[in-house]
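These notes are about the structure you will find just below.
When a ligand or atom number is given, it counts from 1 through the structure's own listing order. This one's a predicted model, so the numbers in the text were calculated from it and none came from an experiment. When a residue number appears, it is its place in the shown sequence, counting from 1.
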Amino acid sequence: MNKINIAIDGPAAAGKSTIAKLVAQHFNMIYVDTGAMYRAITLFYIQENSEDFDELVKKINLEIILKDGQRVNLNGEDVTERIRENDVTEKVSYVASKEPVRTFLVEEQQKLANQKNVVMDGRDVGTTVLPDAELKIYMIASVEERANRRFKDNELRGIKSDIESLKTDIERRDQYDMNREISPLVKAEDAISIDTTGLSIDEVTNKIIELANVKLTK
Ligand SMILES: Nc1ncnc2c1ncn2[C@@H]1O[C@H](COP(=O)(O)OP(=O)(O)O)[C@@H](O)[C@H]1O
Ligand SMILES: Nc1ccn([C@@H]2O[C@H](COP(=O)(O)OP(=O)(O)O)[C@@H](O)[C@H]2O)c(=O)n1
């Protein structure tokens, strides 16, 4: 069976990471959550309290550990859970819009995928990081559905939130991500759009496995 890369892009809480992990498990592929990398650099930005992004990307020591699910180490400290907290969520779209940050992380992400056999999720994977990915998915869901999903997530993580403010945050980040200058969130021309509103995790996962099998048997 030949090797492929799968790119899954879309707005916050569309279901990208959950489905990407399951697809990667099914095909024994490597799973990369690019959002976690932007969150980690945002945490560093908060810690350093500096707007000098050229300096930040030079100083940061970011380590992505890709086994049994992705762990993220920032300057030697495991921050995999910490980067999900509200202070990071509030700033990540701003930090992710900065050119030095994007150049640095896109290069890191491309290194992770150069052996192929990667399922990578984010906002610009199919357009910028892996434009030659054999399968590209653009995953969406209604704001209502995504706020409800993120609310349940936060409850499980012990993070305080409410549906209305989650809806506002999700719409804010959607707008920020879609309207920024550098590699905005947009559906790649050759991406297949999947609206997961009302679909179960299994239904979405099986759909992508089906699409991937077509590519793998070519
Ligand atoms: N099709 C689906 N139906 C119901 N819940 C889903 C579905 N896909 C994902 N979820 C749940 O929604 C939440 C957000 O999904 P996640 O994969 O983190 O989204 P994203 O990576 O796009 O931000 C998770 O709790 C996940 O279990
Ligand atoms: N490839 C990517 C991934 C994330 N991001 C940014 O990082 C933020 C957090 O990504 P995420 O996937 O962890 O966020 P959720 O969609 O899971 O809430 C997004 O809102 C984007 O602003 C990006 O710019 N490019």
Side-chain angles (χ1 to χ4, degrees), residues 7-24 31-43 45 64 69-70 72 79-86 88-99 101-110 112-113 119-130 133 137-157 159 161 166-167 169-186 188 194-208:
I8 303 182
D9 292 306
K16 304 183 296 297
S17 308
T18 305
I19 306 299
K21 276 180 207 153
L22 292 169
V23 171
Y31 163 63
V32 179
D33 170 1
T34 62
M37 298 167 80
Y38 284 95
R39 287 174 176 272
I41 207 161
T42 302
L43 179 57
Y45 159 81
I64 307 298
Q70 179 179 303
V72 183
V79 294
T80 310
E81 276 74 39
R82 171 66 181 86
I83 57 175
R84 295 283 154 197
E85 291 179 18
N86 291 335
V88 174
T89 301
E90 273 150 34
K91 296 268 186 238
V92 62
S93 286
Y94 167 70
V95 173
S97 68
K98 301 297 175 190
E99 191 275 331
V101 169
R102 299 211 71 85
T103 305
F104 169 66
L105 285 184
V106 167
E107 206 179 308
E108 291 302 305
Q109 289 151 13
Q110 288 173 332
L112 293 172
V119 185
M120 192 178 274
D121 80 298
R123 300 295 189 283
D124 62 337
V125 182
T127 52
T128 310
V129 184
L130 303 178
I137 303 291
Y138 189 72
M139 194 176 285
I140 59 173
S142 69
V143 175
E144 192 82 28
E145 172 83 6
R146 291 187 284 139
N148 285 326
R149 291 178 185 173
R150 195 38 49 90
F151 179 75
K152 284 185 208 141
D153 263 353
N154 285 346
E155 271 197 323
L156 287 174
R157 288 188 173 119
I159 298 174
S161 59
L166 281 169
K167 266 199 251 177
D169 171 63
I170 283 171
E171 284 173 326
R172 173 186 66 81
R173 277 201 295 135
D174 287 353
Q175 288 311 312
Y176 216 116
D177 294 347
M178 289 175 171
N179 297 310
R180 68 183 171 215
E181 206 58 28
I182 313 165
S183 58
L185 166 62
V186 65
I194 300 181
D195 185 340
T196 67
T197 312
L199 295 181
S200 72
I201 290 174
D202 282 351
E203 284 170 324
V204 180
T205 305
N206 292 335
K207 175 95 192 113
I208 297 177

Atoms of ligand 1 close to [X] [distance to a heavy atom under 4.0 angstrom, numbered from 1]:
| X | answer |
| --- | --- |
| D153 | 13 (C), 14 (C), 24 (C), 25 (O) |
| S200 | 1 (N) |
| R150 | 14 (C), 18 (O), 19 (O), 23 (O) |

Could you find the nearest protein heavy atom to [atom] and give me its residue, atom name and distance?
| atom | value |
| --- | --- |
| atom 22 (O) of ligand 2 | D177 OD1, 2.6 Å |
| atom 3 (C) of ligand 2 | T34 OG1, 3.4 Å |
| atom 13 (O) of ligand 2 | R39 NE, 2.7 Å |
| atom 25 (N) of ligand 2 | R102 NH2, 3.0 Å |
| atom 16 (O) of ligand 2 | R123 NH2, 2.7 Å |
| atom 17 (O) of ligand 2 | R150 NH2, 3.5 Å |
| atom 6 (C) of ligand 2 | A96 CB, 3.8 Å |
| atom 9 (C) of ligand 2 | R173 NH1, 3.7 Å |

Would you tell me which option among [options] has the nearest heavy-atom contact to [atom]?
| atom | options | result |
| --- | --- | --- |
| atom 8 (C) of ligand 2 | V92, T89, T128 | V92 |
| atom 7 (C) of ligand 1 | I194, I201, D9, I170 | I201 |
| atom 1 (N) of ligand 1 | I8, T196, L199, D195 | L199 |
| atom 9 (C) of ligand 1 | G15, A14, A13 | G15 |
| atom 4 (C) of ligand 1 | K21, R149, E155 | R149 |

Out of the candidates R123, R84, R39, only one should pair with D33 under the salt bridge (charged side-chain N to carboxylate O under 4.0 Å, His left out) rule; please name it. R84
If I apply the N/O under 3.5 Å rule, does T18 come out as touching ligand 1? yes
Do ligand 1 and V204 have nitrogen or oxygen atoms that lie under 3.5 Å from each other?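 No, there is no polar N/O contact under 3.5 Å.
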Does the N or O separation between D33 and ligand 2 drop below 3.5 Å for any pair? no
Flag D124 as yes when one of its N or O atoms lies below 3.5 Å from any N or O atom of ligand 2, and as no otherwise.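 For ligand 2, there is an N or O atom that lies under 3.5 Å from one belonging to D124.
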Examine the proximity of ligand 2 to R84 and report which part, side chain or backbone, both or neither, has a heavy atom under 4.0 Å away.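 Only the side chain of R84 comes within reach of ligand 2.
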If you measure from each non-hydrogen atom of R180 to ligand 2, which part falls under 4.0 Å: side chain, backbone, both or neither?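 R180 to ligand 2: side-chain contact only, backbone stays beyond 4.0 Å.
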Are the side chains of L185 and Y138 in touch, meaning some heavy atoms are under 4.5 Å apart?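 Yes; the side chains approach each other to less than 4.5 Å.
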Atoms of ligand 2 less than 4.0 Å from S93 heavy atoms?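 So the answer, numbered in order with elements, is 20 (O), 22 (O).
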Show which atoms of ligand 2 fall inside a sub-4.0 Å distance from at least one heavy-atom site of A13.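 Numbered from 1, ligand 2 contributes 16 (O).
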